[in-house]
Colleague: 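Here it is, the structure, as structure tokens.
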Amino acid sequence: MISSIKGTKDILPPEVKKWQLIEKIARETFELYGYKEIRTPIFEATELFEKGTGETSEIVIKEMYTFIDKGGRSITLRPEGTPGVVRALIEHRLYLKSTPLRFYYIGPMFRYDKPQKGRYRQFHQIGLEVFGEEDPAIDAEVIEIVDFLLKRLGISQIEILINSIGCKKCRPPYLEILKVEAEKHKKELCPDCQRKVYTNPLRIFDCKKEKCINLADNFPKIIDYLCNECKEHFSKLKNYLNLYGIEYRVEPKLARGLDYYTKTVFEFISKKLGAQDAVLGGGRYDDLVKIFDGPSLPGIGFAIGAERLISLLPEEFEEKEDLLYIAYLGDEAKKETLSILRFLRKKNIKCIAEFKDKNLKNQLSRANKLNAKWVLIIGEDELREKKYKLKDMEKGIQKELNKEELVEELTKKL
RNA sequence: GUGAGCGUAGCUCAACUGGUCAGAGCACCGGACUGUGGAUCCGGAGGUUGGGGGUUCGAGACCCCUCGCUCACCCCA
């Protein structure tokens, strides 16, 4: 038996309903704020991610699905959405147009990770990017959009973490200070963190070992070393969030894994998710467009993990489907059924029949199992009278109707 | 990439320390009930116990290898 590849999974019809729900509500919400959908390829030149996502990010170092195609080009399945959108923005000179540079996307991403709860090799992100807005008001708006979206989906008990990780002016000097401080305590840190002192000192704050946590608590925090511009940006962001009445927690240890972030970074977390507690993450990336030889254009965005979002969805109660099941008795009735199916579908009525030539009891039982809301009964009497029996499966009552009345009755209830 | 736990019917799980152990419930199909569903009763189908090798008179169980799943680490959505 051939099974699906490790870290990938099939999404079967009952679960697909949830996907359709979150996709629909996400689209509606983003469009409400003036965002437009953008669809970029799921594979790109490897270089795009090396330059964009960043050569020192874990994603690029060890998590990319990279292969050489038949033309000898190095191709990578996208591990995240932002670089592709930035590439499209530059390639099509979208920044020259007057339309707002507000985009959202929904689609699969790929990372060669070891699968666990909330983490898959093919997963899906619902992402959003804005370009050309310097003002922290847009940072706040972006956070507010997600907050609104989650509320619309009925998801609660989410904590919002924000931080500022500075810009290319203030971060490098801070990292030096942090490195010096961390070196002093190097021997007390765990082996992983000892390595991080040189490779990525900010990541020491991510360590879950108690000893490292305690030590890191006393290390200097970037938030205390921001330049005036970053400090003011962060302070304004907090004010706007307060204005929206959005609760958040400033988490000075929040670092994020992508190299391109500047100033604002944020994460929405839920305790229900397990070890991978982030349902979405995002931040500002003021230098990214420039990195790809585009104009000097600031950007900010986030990506929601669709699988994680779905796992937070409240349990929905099961409803009868708006489905009509046609039960027929005999060959003549079968022919009539075929024509009525066609007729009703043209009128946008969802209907099915199963062609097993079974008795009525059996067909009703099948309709019940399929969760159909109505059953139309066609037998000899009905053929003769040209009136069919429509049974409401919830109420158990039935009416005699001709074709026209039937359409009227069914569309009324839809 | 590292570590731990687990793989028995479509699903959830039984089978004492290796000795009729290949089972139950749910789901599925059929019948009781030939034009009226959900209930009940009866019956049926469905498994080389993830795969391979070994130990043994005998392995679902023990050992080795392998694949997969789950969770955690690393890191992230």
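Proteins get letters first, then strands, A, B, ... in listed order; numbering begins at 1 in each. Fair warning: this is a prediction, and the values are worked out from it, not measured in the lab. No hydrogens, no waters, no symmetry mates; every other heavy atom, side chains included, goes into these values.
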Colleague: NA contact type, V279(A), heavy-atom cut-off 4.0 Å: base, sugar-phosphate, or nothing?
Modeller: sugar-phosphate
Colleague: Is C71(B) paired to anything, Watson-Crick or G-U wobble with both distances less than 3.5 Å, and if yes, which nucleotide?
Modeller: G3(B)
Colleague: Distance check needed: U36(B) P versus I378(A) CD1, whole Å only.
Modeller: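 Nearest whole value for this atom pair: 17 Å.
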Colleague: So does I138(A) get a backbone contact from the side chain of E133(A), meaning a donor-acceptor N/O pair under 3.5 Å?
Modeller: no
Colleague: Which part of the nucleic acid does E307(A) contact within heavy-atom distance under 4.0 Å: base, sugar-phosphate only, or nothing?
Modeller: nothing
Colleague: Could you give the CD-to-C1' distance, from Q116(A) to U2(B), as a whole number of Å?
Modeller: 12 Å
Colleague: On RNA chain B, compare the nucleotides closest to G379(A) and R308(A); which residue's is nearer the 5' end?
Modeller: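 Mapping each residue to its closest nucleotide by heavy atoms, the 5'-most match is G379(A).
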Colleague: Rounded to whole Å, how long is the line connecting atom CE of M393(A) with atom C1' of U36(B)?
Modeller: 9 Å
Colleague: Across the strands shown, which category fits I377(A) at heavy-atom distances under 4.0 angstrom: base, sugar-phosphate, nothing?
Modeller: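 Since a base atom lies under 4.0 Å of I377(A), the category is base.
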Colleague: What does G118(A) touch in the nucleic acid at a heavy-atom separation under 4.0 angstrom: a base, only the sugar-phosphate, or nothing?
Modeller: base
Colleague: Less than 3.5 Å between a donor and an acceptor, one on the side chain of K117(A) and one on the base of U70(B), is that the case here?
Modeller: no
Colleague: Tell which nucleotide pairs with C28(B), taking only Watson-Crick or G-U wobble pairs whose two distances are both under 3.5 angstrom.
Modeller: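 Checking every strand shown, C28(B) finds its partner in G44(B), with both distances under 3.5 Å.
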Colleague: What interatomic distance, in whole Å, is found between C1' of G50(B) and the corresponding atom of C33(B)?
Modeller: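 It comes out at 43 Å once rounded to the nearest Å.
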Colleague: Ignoring hydrogens and angles, does a donor from either the side chain of E58(A) or the base of G1(B) sit under 3.5 Å from an acceptor on the other?
Modeller: no
Colleague: Report the nucleotide, chosen from G35(B), A77(B), C29(B), that has the shortest atom-to-atom distance to any side-chain atom of A278(A).
Modeller: A77(B)
Colleague: Between D113(A) and R111(A), is the closest basic N to carboxylate O distance under 4.0 Å?
Modeller: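 A salt bridge is absent here (no side-chain N lies under 4.0 Å from a carboxylate O).
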Colleague: Need one value for K369(A): base, sugar-phosphate or nothing, where a base atom within 4.0 Å counts as base even if backbone is also close, heavy atoms only.
Modeller: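 The answer is sugar-phosphate, as K369(A) gets under 4.0 Å only of primed atoms, P, OP1 or OP2.
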Colleague: Can you measure from OG1 (T262(A)) to OH (Y260(A)) and round to the nearest 0.5 angstrom?
Modeller: 11.0 Å
Colleague: Look at the side chain of K361(A) against the base of U36(B) and say whether a donor-acceptor pair falls under 3.5 Å; ignore hydrogens and angles.
Modeller: no
Colleague: Scan G281(A) against the nucleic acid and name what it touches under 4.0 Å (heavy atoms): base, sugar-phosphate only, or nothing.
Modeller: sugar-phosphate
Colleague: Taking a pair as Watson-Crick or G-U wobble with both distances under 3.5 Å, which nucleotide is matched to C33(B)?
Modeller: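 Checking every strand shown, C33(B) finds no partner, since no pair has both distances under 3.5 Å.
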Colleague: What's the closest nucleotide to the side chain of K6(A) if the choices are C69(B), G35(B), A77(B)?
Modeller: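 Nearest to the side-chain atoms of K6(A), counting from C-beta on, is C69(B).
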Colleague: Please confirm whether any donor atom in the side chain of Q363(A) sits under 3.5 Å from an acceptor in the base of U36(B), or the reverse.
Modeller: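 Result: no qualifying N/O pair found.
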Colleague: May I ask you to decide if G379(A)'s main-chain N or O and E382(A)'s side chain share a donor-acceptor pair within less than 3.5 Å?
Modeller: yes
Colleague: Rounding to an integer number of angstrom, what distance separates A4(B) and C65(B) when you compare their P atoms?
Modeller: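 Rounded to whole Å, the distance is 12 Å.
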Colleague: Working note: F355(A) + K334(A), criterion side-chain contact (heavy atoms from CB on, under 4.5 Å); need CA distance, chi angles, decisive distance, verdict.
Modeller: CA-CA 8 Å; F355(A) 307 107; K334(A) 185 174 188 172; 4.2 Å; yes
Colleague: Rounded to the Å, how far apart are Y112(A) OH and U2(B) P?
Modeller: 11 Å
Colleague: Can you measure N359(A) atom CG to U36(B) atom C1' for me and round it to whole angstrom units?
Modeller: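 Result: 10 Å.
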Colleague: Return the nearest nucleotide to the side chain of Q398(A); candidates are U36(B), G31(B), C73(B).
Modeller: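 Given the options U36(B), G31(B), C73(B), the side chain of Q398(A) is closest to U36(B).
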Colleague: Of the options C75(B), A77(B), U36(B), whose atoms approach the side-chain atoms of R256(A) most closely?
Modeller: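 Nucleotide nearest to R256(A)'s side chain: A77(B).
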Colleague: Walk me through whether E141(A) and Y244(A) qualify under side chain to side chain donor-acceptor pair (under 3.5 Å).
Modeller: CA-CA 9 Å; E141(A) 184 189 278; Y244(A) 284 129; 5.3 Å; no
Colleague: Picking from G35(B), C73(B), G37(B), which would you name as closest to the side chain of K114(A)?
Modeller: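 For K114(A), the side-chain atoms sit closest to C73(B).
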Colleague: Starting at the 5' end of RNA chain B, which residue's closest nucleotide do you reach first, I397(A) or L273(A)?
Modeller: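 Its nearest nucleotide lies further toward 5', so the answer is I397(A).
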Colleague: Is NZ or CZ of R121(A) both nearer than 6.0 Å to the six-membered ring centre of Y112(A) and within 45° of the ring axis?
Modeller: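 That pair qualifies as a cation-pi contact.
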Colleague: Would you call D392(A)-K373(A) a salt bridge at under 4.0 Å N-O?
Modeller: no
Colleague: Go through G35(B), A77(B), G38(B) for me and flag the one nearest to the K389(A) side chain.
Modeller: G35(B)
Colleague: Apply the test side chain to side chain donor-acceptor pair (under 3.5 Å) to residues Y285(A) and E129(A): give CA-CA distance (whole Å), side-chain angles for both, the deciding distance (0.1 Å), then the verdict.
Modeller: CA-CA 10 Å; Y285(A) 44 88; E129(A) 318 284 350; 2.4 Å; yes
Colleague: What's the gap between G38(B) and C28(B) when it is taken at their P atoms, as a whole Å value?
Modeller: 12 Å
Colleague: With a 3.5 Å limit on both atom pairs, tell me what A77(B) is paired to, counting Watson-Crick and G-U wobble, or say none.
Modeller: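 Partner of A77(B): none found under 3.5 Å.
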Colleague: Among the candidates C75(B), A77(B), G35(B), find the nucleotide nearest to the side-chain atoms of E382(A).
Modeller: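 Within the option list, the nearest is G35(B).
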Colleague: With P as the reference atom in both, quote the distance from C69(B) to U8(B) in angstrom, rounded to an integer.
Modeller: 14 Å
Colleague: Please report the distance, rounded to the nearest Å, between OH in Y328(A) and C1' in U36(B).
Modeller: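 Answer to the nearest Å: 17 Å.
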Colleague: Measuring only the C1' atom in each nucleotide, how far is G51(B) from C13(B)? A whole number of Å is fine.
Modeller: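 To the nearest whole Å, 23 Å.
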Colleague: Measuring only the P atom in each nucleotide, how far is C16(B) from G54(B)? A whole number of Å is fine.
Modeller: 25 Å
Colleague: Under a 3.5 Å cut-off for both contacts, is U55(B) paired Watson-Crick or G-U wobble with anything, and if yes, with which nucleotide?
Modeller: none
Colleague: Determine the Euclidean distance between corresponding C1' atoms of A24(B) and A32(B); express it in Å to zero decimal places.
Modeller: 24 Å
Colleague: Which one is paired to A39(B), where only Watson-Crick or G-U wobble pairs with both distances under 3.5 angstrom count?
Modeller: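 When the pairing criteria are applied, nothing turns out to pair with A39(B), so the answer is none.
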Colleague: Using atom CD of E354(A) as one end and atom P of C28(B) as the other, report the distance to the nearest whole Å.
Modeller: 12 Å
Colleague: Counting only side-chain heavy atoms from C-beta out, which of G37(B), A77(B), G35(B) sits nearest to R111(A)?
Modeller: A77(B)
Colleague: Rounded off to whole Å, could you give me the CG-to-C1' distance for the L161(A) and A77(B) pair?
Modeller: 15 Å
Colleague: Between G19(B) and G60(B), how many Å separate the two C1' atoms, rounded to a whole number?
Modeller: 13 Å
Colleague: Side chain of A275(A), heavy atoms from C-beta onward: which of A77(B), C73(B), G35(B) has the nearest atom to it?
Modeller: C73(B)
